[in-house]
Amino acid sequence: VNTVLRGLRFQPGEKILYFSFIYPACGNTVLYVAESTGAAALHMQITLPVSDDDLLAAFSSTVQAAGNVKIAVFDTIVSLPGVRLPFERLIRTCKALGVLSMVDGAHAVGHLPLDITALDPDFLTSNCHKWLYTPRGSAFLYVAERNQALIRSTLPTSWGFVPLPSSEDDSTPPPKDEEAWAKQFTFVGTVNGSEFLCIPAALAFRKRIGGEDKIMAYTCDIARRGAEIFRALFETEIMKSYGTGPVGMFNIRLPLRFEEVPEEKRARVVSFLTDSMDACGTYITAFEYNGAWWSRVSGQIYLEESDFVKGAQILLGFVAKVRSGEW
Amino acid sequence: MAARKAPDMESAIALALSDFSDDEVPEFGHGMRKYFQFDDDWTNLNHGMYAPSLVRGRSSSLLKVPSQVLSALVPAPSLASTTASPPSPSVARTHSSAHTTRRSSLHPARPSPNTSTRRPHQSSTSPMPPPA
């Protein structure tokens, strides 16, 4: 996301559209680019969950009303809350409105089928260290061939950078290398490449254990069943996930109302729950969203229903402590 | 020193997966835990954030895939070795400590609480509130 947003050249007033639920680090990137270039950050407030039609309608009307939107940043699956977006439709709508699409697919590869040719985004990135099983720090960036000239440099700029010919430079330009643009990404500063070299092995491993379809089907199914275990024990609700296709992450509301916690202690609820679960040998994302506390769970091929029962019971125990004030 | 054949990706992958055979692949569920890098008593319900990466082989707490693949791709005297011991211990150690999936001080800043009650169709050019 940094490579793309910092690589583009913004005319004064050109806008970067982003949603309120953007991953905060990417949100900061948008703000920094707006601060350091002529770009303007266009913040679009959307409270999740939202139906695909409502999201698309709000997106289109915002782009049209604002005018001069150069690029829109959006997720495949939002981080918190973990819900799927109609990213396929958002990409198409961007194209129709003349807006570049920057798809943050952090939870995409290895989690859901990703046909980049069919999707045809302008830019799409996904880390591989979540759902593809490689070590942290491995990711890919897809830049549609038509846009490669827009992204002049890697971040940081390194050995492979090819400067534009200068008008004062009368030396003969070197022969054009059709792959020079891609090649510059193979040597960026002192990045340790070993994580990237794990990707082929991870893909081979995934094939060996049954293939992408089998992995994704199990992951999404156990996540759905696990979320239902949480919901039943909590006697609350699962946040609706729109978009097209299954997901392997769900958000379950915690059985804890805002007014049950003294105002001065509310900001500490999430860290108390997180730290307490850690001490019990598990981690379930707890977060505050739109005036309620939620938990987010993910499916994976090493999980069974009993893991979710254990996790839900541990979490519920600590929620009860918060409710009774014994924490 | 005799010239050595440059290793290719295919042999690197074969080396990384040399402990697996088709009849070994367990059913999905707890049988798959041995392929992932976390403690035996750790219940990981949050793959979406702290995803454990693969380990090579069984009963190993060291992340060996990167060092194995790297050492297979980068010429090194121990290339022919098929032992589980990584030729570059420092690489393995670094990865092991950095990638063990256990919540730690690596915890990123939590996203800002969103208590806004504004509805869709509203937008502005004002920046969002900074993360807490």
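Order of the sequence lines fixes the chain letters, A, B, ..., with proteins taken first and strands second; residue numbering starts at 1 for each chain.
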Looking only at heavy atoms, the pair that brings B:His47 and A:Gly299 closest together is CB-O, 4.2 Å

Does atom CD (A:Glu263) have a neighbourhood of more than 12 heavy atoms from anything else shown, all under 6.0 Å? no

Whatever's closer than 4.5 Å to a heavy atom in chain B on A:Gln300 counts as side chain

When rounded to the nearest 0.5 Å, the distance separating CG of A:Leu303 from OG1 of B:Thr43 is 8.5 Å

Of all heavy-atom pairs linking B:Leu45 and A:Asp307, the shortest is CD1-O, 3.6 Å

With a 4.5 Å cut-off on side-chain heavy atoms, are A:Leu197 and B:Met9 touching?
yes

Smallest heavy-atom separation, A:Pro200 atom then B:Ile13 atom, equals CB-CD1, 3.5 Å

Taking every heavy atom of B:Val25 against every heavy atom of A:Arg208, the minimum-distance pair comes out as CG2-O, 3.8 Å

When the 4.5 angstrom heavy-atom criterion is applied to A:Leu203 and chain B, the contacting part is neither

When the 4.5 angstrom heavy-atom criterion is applied to A:Phe308 and chain B, the contacting part is both

If we ignore angles and hydrogens, is there a donor and acceptor under 3.5 Å between the side chains of B:Asn46 and A:Ser298? no

Do A:Tyr302 and B:Phe28 make the cut of ring centroids closer than 6.0 angstrom? no

Flag the pair B:Tyr35 / A:Phe205 as yes when their ring centroid distance falls below 6.0 Å, and as no otherwise. yes

Does a sphere of radius 6.0 Å around NZ in A:Lys207 hold more than 12 heavy atoms from other residues, nucleotides or ligands, not counting ones at 6.0 Å or beyond? no

- Task: Answer whether the closest heavy-atom distance between the side chains of A:Ser306 and B:His30 falls below 4.5 Å.
- Result: yes

Rounding to 0.5 Å, atoms CZ (B:Arg33) and CD (A:Glu304) come to a distance of 10.0 Å

